[in-house]
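The structure under discussion appears below in the form of structure tokens.
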Number of protein chains: 2
Amino acid sequence: MLTERQLFILQAIIDGYIQSAEPVGSRSISKRQDVNYSPATIRNDMADLEEMGYLEKPHSSSGRIPSEKGYRHYVDHLLLPHRLSSKEIENMKSLFAKDFLQVEEVVKQSATILSELTSYASIVLGPEIFESKLKQVQIIPLNNQTAVAILVTNTGHVENQTVSLPDTLDGSDLEKITNILNDKLKNVPLYQVQKKMEEEVGALLKRHIKSYKDAMFFTEETLQKSSQEKVFYGGKTNLLFQPEFRDIEKVRTIFTLLEEDDTVQELLKPEHDGLTIRIGQENDNVAFENCTIISAAYSFNGRPVGTVGIVGPTRMEYPRVIGIIDHLSKGLSNALTNLYKKGS
Amino acid sequence: MLTERQLFILQAIIDGYIQSAEPVGSRSISKRQDVNYSPATIRNDMADLEEMGYLEKPHSSSGRIPSEKGYRHYVDHLLLPHRLSSKEIENMKSLFAKDFLQVEEVVKQSATILSELTSYASIVLGPEIFESKLKQVQIIPLNNQTAVAILVTNTGHVENQTVSLPDTLDGSDLEKITNILNDKLKNVPLYQVQKKMEEEVGALLKRHIKSYKDAMFFTEETLQKSSQEKVFYGGKTNLLFQPEFRDIEKVRTIFTLLEEDDTVQELLKPEHDGLTIRIGQENDNVAFENCTIISAAYSFNGRPVGTVGIVGPTRMEYPRVIGIIDHLSKGLSNALTNLYKKGS
DNA sequence: TTTAGCACTCGCATTCAAGGAGTGCTAACA
DNA sequence: TGTTAGCACTCCTTGAATGCGAGTGCTAAA
């Protein structure tokens with residue numbers, strides 16, 4: 001069990017190291033105004049803390065730096081809740097204050113703001129539109145061979161797709177198709193659209209349209225939506241200013257991996273409600289063993305639909321970042337939910 | 001005037017330096033199979049070339065590297081046209097072979113392919129939709145307070161915008177507005193929409209709709225489009241693998257500037273038809289004095305609507321990159337134009 | 001005009017010593 | 001028993017000295 005003083009010293013070392021990126025020595029702690037112990041005393045406790053695995057030494061005669069276990073303990077037990085500065089609050093408020101939320105726009109902006117406020121790299125996933133409901137389908141012919149298909153969901157999301165127009169379909173056919181689709185698919189959640197298509201729409205098309213096969217093929221194309229989650233980045237460049245990434249090799253591997261959507265999804269996956277904090281090896285990826293990734297889900301009508309996250313060095317300003325990301329994810333959820341809560 | 005041999009040596013040095021990133025010495029050139037001169041002879045020519053400003057020495061006893069003037073001469077006079085490899089051609093072909101071009105999607109993909117093929121960073125601007133014509137306007141209410149406005153252009157571009165719905169407008173009002181807009185604005189180029197609105201639509205709204213002011217405000221919001229050019233990036237990480245960017249300071253300033261849209265626009269602005277190549281200081285930006293930027297406009301129906309570009313070190317594989325970017329910009333223009341050439 | 005030869009330059013890696021920050025340990029102190 | 005002063009020790013950092021090697025410039029000969 002750790003004594004009060006050991007906890008204090010652990011905290012002092014972590015705070016100091018986060019601030020300076022330099023190993024912290026006993027003397028510097030002893031000199032603090034609020035400390036009345038001699039360096040020797042502090043050294044003893046530091047030795048104990050090291051023995052217990054909370055601290056490390058880069059080499060035998062240097063000051064101490066926190067180990068991952070040290071950070072973990074700091075995050076779990078020592079963290080003082082951080083008051084956001086008014087500038088930070090203002091910044092986020094302005095994001096949600098817009099009158100006309102374009103969902104994707106807000107989500108994208110979140111990434112930018114997040115990286116600006118934290119000075120680390122931000123990643124935002126989503127929003128997942130899988131469960132939102134189809135509101136309307138439009139097919140607009142551009143010329144004899146091409147048309148644009150537009151899907152609108154109840155969350156205001158617009159998905160559009162250029163499709164090739166078979167010769168066999170004329171204007172009245174298109175109108176029929178559009179009517180059938182709107183009739184049968186309105187208010188159907190996107191994940192059910194495929195099924196509904198096969199069950200009900202196919203038969204109707206067969207009955208009403210001569211070149212049934214073309215129509216069917218065309219309709220399927222029309223409804224094919226990009227179901228993959230979108231990934232937005234902000235401030236990757238910030239990482240280059242962190243002293244732990246002075247080594248270009250590390251930056252390379254990290255940047256390369258951050259371009260792979262799968263990896264990013266994996267890294268950000270939240271483990272539970274609220275914040276997920278993965279420190280160093282907890283990320284399960286050698287390239288990120290010097291990184292901490294903090295993520296939080298945001299939701300729409302109580303269902304999680306995406307994730308916001310921050311990537312930075314393990315020597316991260318935990319209190320501040322945690323405050324910001326917590327505030328932002330909640331604000332995002334509220335904004336989305338409030339705006340469309342009356343949506344049918 | 002340069003002798004044949006001097007030209008040959010200049011070319012050999014540039015080729016060698018592009019390949020190895022190391023200063024090239026007289027001995028290594030002399031040892032080439034196709035060279036029958038002694039190192040001393042070559043040294044004499046090298047000294048002349050240096051005097052004329054085509055070469056530089058990092059320090060007094062090293063091999064030579066090309067100066068900017070050297071690169072410029074190489075690009076203008078020595079460059080052998082490069083045959084694209086079949087892999088490169090295949091790669092680009094597959095990009096344009098898609099049946100259903102989603103313009104923005106293709107443009108975005110171009111950035112990715114460009115960076116993959118060249119191993120440098122790619123930037124793609126546009127496509128500018130300023131001159132394309134409005135095809136259809138749709139207003140789809142989501143709930144009592146919100147609606148989605150959708151604009152479709154003759155190029156298949158879809159612009160959508162969430163707008164707040166004034167209480168005073170009911171469903172039939174929306175329908176009227178939509179009809180008026182489609183009636184008056186169909187086939188109007190986007191850059192004229194604003195003017196047309198003021199001249200014709202305002203009066204009509206006034207005549208037909210009770211709460212005219214709300215309607216007017218609502219309509220203006222609806223048509224407000226994001227006129228800014230989009231910027232797509234590809235493979236910025238590639239730059240980290242170039243030896244000239246081993247110094248993290250340089251990378252930082254470059255990456256920071258590449259996040260500023262204005263700067264990027266400035267850097268990529270093509271000077272004339274065909275390729276624009278800016279070497280080092282020609283970029284007029286200290287941060288890019290070690291960079292070469294090659295850009296080319298792509299067009300739609302003969303009008304330039306965007307730019308594709310590559311950012312790399314001045315020590316760039318000019319022949320290959322020039323071949324690729326030339327092919328790609330032309331391919332992109334063709335693809336866009338062919339697809340919609342029948343568009344009204 | 002070209003080439004061989006040679007002295008010279010400069011960067012780079014290695015070595016070594018001095019300096020300093022910080023530790024661990026021991027013994028004394030409260 | 002917990003705390004502190006003192007001191008030897010470790011190891012990193014810095015800077016100067018050194019040798020090596022790649023490459024040059026110049027001169028004189030072919």
Side-chain angles (χ1 to χ4, degrees), chain A residues 1-10 12-17 19-67 70 243-244 246-247, chain B residues 1-10 12-17 19-67 70 243-244 246-247:
Chain A
M1 206 37 222
L2 295 176
T3 67
E4 192 103 351
R5 193 177 60 209
Q6 285 173 330
L7 286 175
F8 179 84
I9 290 173
L10 178 57
I13 289 176
I14 298 185
D15 285 338
Y17 185 65
Q19 224 233 315
S20 70
E22 301 282 321
V24 178
S26 54
R27 226 174 89 86
S28 72
I29 295 184
S30 166
K31 272 198 285 194
R32 279 173 51 157
Q33 302 288 349
D34 53 343
V35 171
N36 281 319
Y37 299 102
S38 75
T41 307
I42 295 171
R43 277 206 292 283
N44 286 332
D45 280 336
M46 280 161 77
D48 291 344
L49 285 165
E50 182 176 357
E51 211 167 287
M52 289 184 279
Y54 293 103
L55 296 178
E56 286 173 357
K57 273 189 298 199
H59 55 87
S60 74
S61 69
S62 72
R64 301 301 206 290
I65 63 173
S67 68
E244 27 273 283
R246 194 142 348 117
D247 176 17
Chain B
M1 203 42 219
L2 295 176
T3 68
E4 192 104 351
R5 192 177 62 208
Q6 285 172 332
L7 286 175
F8 179 84
I9 290 172
L10 178 57
I13 289 175
I14 297 184
D15 285 339
Y17 185 65
Q19 223 233 315
S20 70
E22 301 282 322
V24 178
S26 55
R27 227 173 89 86
S28 72
I29 295 183
S30 166
K31 271 198 285 195
R32 281 173 51 157
Q33 302 288 348
D34 53 344
V35 171
N36 280 319
Y37 299 103
S38 75
T41 308
I42 294 172
R43 277 206 291 282
N44 286 331
D45 280 336
M46 281 161 75
D48 291 344
L49 285 167
E50 182 176 354
E51 212 167 286
M52 288 184 279
Y54 294 102
L55 295 179
E56 287 173 356
K57 273 189 298 198
H59 54 87
S60 76
S61 69
S62 73
R64 302 301 205 292
I65 62 173
S67 68
E244 26 272 283
R246 195 142 347 115
D247 176 16

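Keep in mind that this is a model prediction, so the values were computed, not measured. Just the heavy atoms: all of them, side chains too, but no hydrogens, waters or symmetry mates, feed the values below.
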Round to a whole Å and report the spacing from [atom1] of [X] to [atom2] of [N].
X	N	atom1	atom2	value
I42(A)	dG22(C)	CD1	P	12 Å
I29(B)	dG23(D)	CD1	P	11 Å
E22(B)	dC12(C)	CD	C1'	12 Å
E56(B)	dT24(D)	CD	P	15 Å
I13(B)	dG23(D)	CD1	P	12 Å
E4(A)	dT3(D)	CD	C1'	18 Å
H59(A)	dG22(C)	NE2	P	10 Å
R27(A)	dT4(D)	CZ	P	15 Å

Are OP1 or OP2 of [N] and a side-chain N or O of [X] less than 4.0 angstrom apart?
X	N	answer
S60(A)	dC11(D)	yes
K57(B)	dG25(D)	yes
S62(A)	dT10(D)	no
T41(B)	dT2(C)	no
R64(A)	dG22(C)	no

For the [atom1] atom of [X] and the [atom2] atom of [Y], what is their distance to the nearest 0.5 Å?
X	Y	atom1	atom2	result
M1(B)	L7(B)	CE	CG	6.5 Å
E22(B)	I65(B)	CD	CD1	11.0 Å
Q6(A)	L10(A)	CD	CG	9.5 Å
D48(B)	L2(B)	CG	CG	9.5 Å

No-H, no-angle donor-acceptor pair, S61(A) side chain to dT23(C) base, under 3.5 Å: no
Donor-acceptor pair under 3.5 Å, R43(B) side chain vs dG5(C) base: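 Side chain to base: pair present.
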pair D45(B)-Y37(B): side-chain heavy atoms closer than 4.5 Å: no
Touch class at under 4.0 angstrom, heavy-atom based, for N36(B) against every strand present: sugar-phosphate
5′-ward residue of the pair P58(B)/M46(A) relative to DNA chain C: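 In this pair, the answer is P58(B).
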Of the listed nucleotides dT3(C), dG24(C), dT24(D), the one nearest the side chain of Y37(B):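 So the nucleotide nearest the side chain must be dT3(C).
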